[in-house]
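For reference, the structure is listed below as structure tokens.
Counting convention: from 1, in listed order, for ligands and their atoms alike.
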Amino acid sequence: MTKPTMEEIVSLSKRRGFVFQSSEIYGGLAGFYDYGPLGVELVNNLKSLWWQACVRDNDNIFGVDGSIIQNPLLWQASGHIAGFSDPMVEDTVTHKRYRADQLAGVDTNDLKELAELLRDKKSPEGNKLGEPRQFNMMMQTWVGPVEDDAAKVYLRPETAGSIFTNFLNVKDTMRAKLPFGIAQIGKAFRNEISPRDFIFRVRELEQMEMQYFISASDQDEAYERWRDFAWRFLTERCGIKEDSLSWHEHGPNERAHYAKAAHDIYFDYPQGPKELWGTHNRTDFDLLNHARVSGKDLSYIDESSGERFTPNVIESSVGVGRLLLAVLTEAYDRDTIDKEERVVLRLKPSLAPYKVAVSPLLKNKPELVSFAREVYADLKKEFGMVMWDDNGNIGKRYRRQDEIGTPYCITIDFESLENKSVTIRDRDSTKQSRFQLDKLVETLRPKFLQ
Ligand code: ATP
């Protein structure tokens with residue numbers, strides 16, 4: 001199967017209610033998107049899978065949900081105010097701004113190297129480029145009635161901030177001993193120079209992040225553990241094939257200002273292999289700096305040795321939107337059934353927005369409809385996301401459900417009335433089999449755990 005194009009993914013997303021342009025009736029806003037009825041289900045399924053795997057399956061990972069706006073000293077301590085920037089270059093005629101590294105086609109933040117590479121290059125409009133410089137991506141606003149520097153605050157550019165500021169709170173309230181982790185799912189904001197590739201690079205994003213606090217001697221082992229966690233989550237829980245993934249190790253000019261080592265997992269997106277998930281060794285950079293700026297003691301005392309030290313941190317960080325785009329790209333398939341081409345989303349049943357669709361074979365036969373309504377009500381009570389679908393002929397209904405990834409379609413026909421059986425049609429194989437109604441729930445339940 002060939003990879004879908006971005007146009008195919010964008011078109012399906014809009015047509016079927018996964019993703020809409022934000023404030024579309026006003027022409028939208030670059031770098032902002034809304035999730036539609038199906039998208040929000042898929043997002044929620046991805047988030048709860050991650051929360052399960054990261055927090056609930058581990059004894060020593062605790063969750064928090066921090067505020068988006070925090071005391072700006074936090075971002076001074078973390079180095080974001082000074083260093084959270086991307087290299088930017090300007091078209092000298094149109095004054096349009098571009099990511100210098102993207103125009104140069106390299107992964108580096110080094111301005112000298114970029115200036116060299118861009119020396120003979122023109123802007124996409126064919127004009128001379130200015131000198132590359134750093135552009136800070138923090139979004140800012142003011143709290144309270146006066147818009148002066150004292151009231152200036154930032155929308156968080158990553159969720160990690162409130163994890164570090166809650167290190168002591170979580171350690172003390174949960175009586176946590178090293179190693180332990182703090183996890184969070186939440187919105188972050190980055191004033192990206194050129195938002196692009198649909199929901200891949202946006203200005204309002206959602207992250208799933210976990211910071212794992214350890215002693216310095218455990219760095220390497222923990223780093224490997226969380227790299228492995230990311231890889232296994234994507235392949236085992238999200239159904240992404242290993243062939244679609246690759247590792248990318250950050251070079252020295254590419255790493256974030258706090259990182260000693262960084263490995264990204266790249267996914268083969270429609271626009272090419274790009275970063276999906278980062279694992280970073282942030283060393284003791286964060287807690288040391290928060291201790292310095294806040295004046296609070298953020299050190300840890302090891303109970304057995306009595307040694308006092310500042311914990312090191314391994315970070316695992318993935319964007320929800322980038323994960324959704326990867327899952328849609330991976331699941332998108334086309335095949336031909338009865339000489340008719342179909343688009344099918346081969347989502348894992350645990351991720352599918354709708355688990356089952358229920359249809360009466362004919363919608364103008366009241367006895368079929370009322371029996372089908374009973375089956376629908378029972379399944380809805382059991383599985384929640386069940387769709388009633390009596391629109392168009394059966395073939396059309398199947399195509400519609402295939403496109404949104406519904407794993408099973410149940411049809412009530414005349415035989416159902418005679419012997420209380422239903423047909424279940426499998427999305428991937430398109431095979432139909434007959435089941436007794438009283439076995440239906442127990443037949444379906446284990447499938448949705450896959
Ligand atoms: P990139 O190099 O693509 O700009 P990054 O290295 O700055 O990403 P991190 O700061 O490591 O990204 O953020 C962690 C994760 O958050 C990324 O792996 C990605 O999944 C997600 N992410 C970061 N920036 C964006 C964005 N602008 N839009 C959507 N997701 C993002």
Looking only at side chains, do D86 and Q134 share a donor and an acceptor under 3.5 Å apart? no

Donor-acceptor pair, E204 side chain versus F32 backbone, under 3.5 Å? no

Between N58 (side chain only) and I61 (backbone N and O only), is there a donor and an acceptor less than 3.5 Å apart? no

Could you name the protein residues that come within less than 4.0 Å of ligand 1, counting only heavy atoms, and order them by chain and residue number?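 Near ligand 1, by chain and number: R190, E192, F200, R201, V202, L205, Q207, E275, L276, W277, G278, H280, S317, V318, G319, R322.
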
May I ask you to test the I337-R399 pair for a side-chain heavy-atom distance under 4.5 Å?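 They are in side-chain contact.
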
Whether R427 engages the ring of Y408 as a cation-pi pair (distance to the six-membered ring centre under 6.0 angstrom, angle to the ring normal within 45°) should be assessed.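 No, R427 does not lie over the aromatic ring of Y408.
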
With ring pair (Phe, Tyr, Trp, His ring centres under 6.0 Å) as the rule and sequence neighbours excluded, what pairs involving residues 166-189 come up?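 Every ring pair (Phe, Tyr, Trp, His ring centres under 6.0 Å) pair that includes a residue of residues 166-189, provided the two are not neighbours, is F167-F180, F167-F213, F180-F213.
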
